[in-house]
Undergrad: 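Got a structure for you, questions after.
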There are 2 protein chains.
Amino acid sequence: MEHTTEREIFERYVHRRGGRLTAERLRLFDEIFNQHGHVDADRLYRSMRRQGRKISRATVYRNLELLVDCGLVRRQRLGQRRYLYEHVHPGQSHDHLICRMCDRVVEFVSPGISALQRELARAHGFDPTEHTLQISGICLDCAGRASTETAASEES
Amino acid sequence: MEHTTEREIFERYVHRRGGRLTAERLRLFDEIFNQHGHVDADRLYRSMRRQGRKISRATVYRNLELLVDCGLVRRQRLGQRRYLYEHVHPGQSHDHLICRMCDRVVEFVSPGISALQRELARAHGFDPTEHTLQISGICLDCAGRASTETAASEES
DNA sequence: GTTCTGTTGAGAATAGGTCTCAATAAGCCG
DNA sequence: CGGCTTATTGAGACCTATTCTCAACAGAAC
């Protein structure tokens with residue numbers, strides 16, 4: 001239940017590839033696993049710099065790629081132009097609702113989707129590895145704000 | 001059943017916004033509605049230049065945005081870094097299977113998803129406007145090619 | 001035709017990510 | 001520990017796709 005497990009997976013993965021456990025690499029690992037939800041590369045970079053860690057952007061990107069390759073981190077574009085990274089919780093894949101007004105991202109788990117994925121992929125001769133479902137719409141807060149404003153300028 | 005209808009929607013939309021029906025705008029409309037499947041901005045640009053149309057990239061992007069705003073065109077990132085555009089066929093939303101080896105994109109229609117979208121959005125207080133479901137995996141061709149290669153180098 | 005103002009083209013600017021390469025430092029061995 | 005090999009790093013150049021800027025242009029209304 002501790003991070004130990006994922007850390008071990010990571011260390012083994014790095015070794016298997018003939019890689020090295022550098023200080024920067026392990027710090028980035030800790031950094032992303034201490035965040036919850038989505039982070040973008042730049043935020044990780046800045047957050048580490050703020051802590052006085054000397055690390056370069058290139059290293060952040062390189063090691064994020066490594067984490068993605070070993071399956072511990074998922075990289076996605078959720079509407080915006082930049083990639084967002086989040087750690088994978090094995091066995092409990094989730095998807096995202098995105099508010100098109102405030103860009104808020106809400107995670108949800110829908111058991112139905114995996115089955116749907118398998119079925120659809122099979123029907124087209126695909127061997128599915130993963131899916132991404134993004135539902136965009138307007139969240140409660142923004143809907144409230146919008147209707148207030150509309151009411152205020154109602155006149156025609 | 002003719003394009004006329006969509007063209008009319010577009011013209012009305014432009015007028016409602018106080019916009020003008022410029023030659024470039026209408027040519028881009030024709031161009032994208034003559035393509036089937038997905039196109040990226042650059043391909044539209046080059047295709048129009050090839051036909052001797054004088055148009056700039058900026059204009060292509062600006063008018064694609066207009067088409068997206070008026071709901072006739074959908075803009076998505078299907079894995080790659082660039083946006084892909086496709087015309088919307090009202091009432092028959094589809095989603096995409098993407099081969100992670102050859103980047104091939106296959107469209108599919110799944111009636112179940114709209115219902116799922118509504119249900120999930122409601123559960124989280126969202127007013128859903130649209131969804132994007134991308135399933136990535138390996139297509140038949142690539143799977144075949146991969147297994148052949150694996151067999152060829154089988155020895156351990 | 002004139003006027004008003006939205007639109008265009010060309011290229012500069014931006015954003016986010018990737019690449020280069022000399023310097024550094026894991027990991028391994030004695 | 002000290003040395004060696006080579007993966008990794010940092011800084012900044014580079015790349016690509018898209019957006020922005022602004023003077024010139026051209027729809028639309030009269």
Side-chain angles (χ1 to χ4, degrees), chain A residues 7 10-29 31-32 38-70 73-85 103, chain B residues 7 10-29 31-32 38-70 73-85 103:
Chain A
R7 176 83 172 235
F10 183 50
E11 298 191 355
R12 261 185 245 125
Y13 180 81
V14 170
H15 282 142
R16 224 179 306 127
R17 284 182 40 148
R20 293 172 186 175
L21 295 172
T22 63
E24 293 80 3
R25 186 161 283 173
L26 294 175
R27 276 198 230 110
L28 183 79
F29 177 94
E31 190 66 29
I32 192 168
H38 321 81
V39 228
D40 59 68
D42 195 59
R43 189 164 140 206
L44 285 168
Y45 170 74
R46 281 181 291 107
S47 147
M48 294 179 77
R49 296 295 284 214
R50 233 182 294 115
Q51 293 167 40
R53 308 302 195 183
K54 184 162 139 293
I55 197 168
S56 80
R57 272 197 174 69
T59 300
V60 171
Y61 280 108
R62 282 185 292 233
N63 284 306
L64 280 170
E65 189 185 351
L66 193 66
L67 284 160
V68 170
D69 285 350
C70 85
V73 165
R74 179 150 76 138
R75 177 176 96 155
Q76 260 180 301
R77 298 215 200 242
L78 297 179
Q80 294 95 332
R81 75 201 276 130
R82 61 183 64 186
Y83 285 116
L84 293 182
Y85 298 85
D103 278 342
Chain B
R7 176 82 172 234
F10 183 51
E11 298 191 354
R12 261 184 245 124
Y13 179 81
V14 170
H15 281 142
R16 225 180 306 126
R17 285 183 38 150
R20 291 171 187 175
L21 295 171
T22 64
E24 293 81 2
R25 185 161 285 173
L26 294 175
R27 276 198 231 111
L28 183 79
F29 177 94
E31 190 66 29
I32 192 167
H38 320 81
V39 229
D40 60 68
D42 194 60
R43 189 163 140 208
L44 284 168
Y45 169 73
R46 281 182 290 108
S47 147
M48 292 178 78
R49 296 295 284 215
R50 231 182 296 116
Q51 292 167 40
R53 308 302 194 183
K54 184 163 137 292
I55 196 168
S56 81
R57 259 184 245 283
T59 299
V60 171
Y61 280 107
R62 282 185 291 234
N63 284 306
L64 279 172
E65 190 186 349
L66 192 66
L67 283 160
V68 170
D69 285 350
C70 86
V73 165
R74 178 150 77 139
R75 177 175 97 155
Q76 261 180 299
R77 299 218 197 238
L78 298 178
Q80 294 97 331
R81 74 200 280 128
R82 60 183 66 184
Y83 285 115
L84 293 181
Y85 299 84
D103 279 342

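The chains referred to below are lettered A, B, ... by the order of the sequence lines, with proteins before strands, and numbering in each begins at 1. Hydrogens, waters and symmetry mates play no part in the numbers below; they use all other heavy atoms, side chains included. Please read all numbers here as calculations on a predicted model, not as lab measurements.
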Undergrad: Classify the side chain of A:Arg20 versus the base of D:dT6 as yes if they form a donor-acceptor pair under 3.5 Å and no if they do not.
TA: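 Indeed, a donor on one side and an acceptor on the other fall under 3.5 Å apart.
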Undergrad: Starting from P on C:dG17, measure out to CD on B:Gln80 and report it in whole angstrom.
TA: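 From B:Gln80 CD to C:dG17 P: 16 Å.
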Undergrad: Nearest-Å distance, CZ (B:Arg17) to P (C:dT7)?
TA: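 Atom CZ in B:Arg17 sits about 8 Å away from atom P in C:dT7.
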Undergrad: Do B:Arg27 and B:Glu31 meet the salt-bridge criterion of a basic N to acidic O distance under 4.0 Å?
TA: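 No salt bridge links B:Glu31 with B:Arg27.
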Undergrad: Considering only heavy atoms from C-beta outward, does the side chain of B:Leu44 approach that of B:Leu64 to under 4.5 Å?
TA: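 Side chain of B:Leu44 against side chain of B:Leu64, heavy atoms only: contact under 4.5 Å found.
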Undergrad: Using the side-chain heavy atoms of B:Arg25, tell me which of these nucleotides is nearest: C:dT18, C:dT8, C:dA10.
TA: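 My answer, after comparing the listed nucleotides, is C:dT8.
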Undergrad: What is the distance, rounded to the nearest whole Å, between atom CZ of B:Arg81 and atom C1' of D:dC14?
TA: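 Whole-Å distance recorded here is 12 Å.
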Undergrad: Answer yes if the side chains of A:Ser47 and A:Arg50 hold a donor-acceptor pair under 3.5 Å, and no otherwise.
TA: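 Looking only at side-chain atoms, A:Arg50 and A:Ser47 do not form any donor-acceptor pair under 3.5 Å.
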Undergrad: Can you tell me if A:Arg77 uses its side chain to pair, donor with acceptor, with the backbone of A:Arg81 under 3.5 Å?
TA: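 Yes, A:Arg77 side chain to A:Arg81 backbone: donor-acceptor pair under 3.5 Å.
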Undergrad: Which residues, if any, of residues 51-63 of chain B bring a heavy atom under 4.0 Å of DNA chain C?
TA: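 Heavy-atom contacts with DNA chain C come from B:Lys54, B:Ile55, B:Ser56, B:Ala58, B:Thr59, B:Arg62, B:Asn63.
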Undergrad: Between P on C:dG6 and CZ on B:Arg16, what's the gap in Å once rounded to a whole number?
TA: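 For the pair B:Arg16 CZ and C:dG6 P, the rounded distance is 18 Å.
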Undergrad: Measure CG/B:Leu84 against C1'/D:dA17 and give the value in whole Å, please.
TA: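 So the two atoms are 12 Å apart, to the nearest Å.
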Undergrad: Within this structure, what is the CG-to-C1' distance between B:Leu21 and D:dA26, rounded to whole angstrom?
TA: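 Interatomic distance, CG of B:Leu21 to C1' of D:dA26: 13 Å.
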Undergrad: Test side-chain contact (heavy atoms from CB on, under 4.5 Å) on B:Leu66 and B:Arg62; report intermediate values, then the result.
TA: CA-CA 6 Å; B:Leu66 192 66; B:Arg62 282 185 291 234; over 6 Å; no
Undergrad: Identify which one of A:His15, A:Glu11, A:Arg16, A:Arg17 satisfies the side chain to side chain donor-acceptor pair (under 3.5 Å) criterion when paired with A:Tyr13.
TA: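 So the option named by the test is A:Arg17.
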Undergrad: Test for a donor-acceptor pair under 3.5 Å between the base of D:dT18 and the side chain of B:Arg82, counting only N and O atoms.
TA: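 Side chain to base: no pair below 3.5 Å.
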Undergrad: Could you check how far CG of B:Leu66 sits from C1' of C:dG6, rounded to whole Å?
TA: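 Taking CG of B:Leu66 and C1' of C:dG6, I get 12 Å after rounding.
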Undergrad: Let me know the distance between NE2 of A:His15 and C1' of D:dT8, rounded to the nearest Å.
TA: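 About 14 Å, once rounded to whole Å.
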Undergrad: Determine yes or no for a side-chain-to-main-chain donor-acceptor pair under 3.5 angstrom, with A:Arg57 supplying the side chain and A:Tyr45 the backbone.
TA: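 No; judged by distance alone, with no hydrogens or angles, the pair does not exist.
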Undergrad: Taking the nucleotide of DNA chain D with the closest heavy atom to each, which residue, B:Asp42 or A:Arg49, is nearer the 5' end?
TA: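 Whichever sits nearer the 5' end wins; that is A:Arg49.
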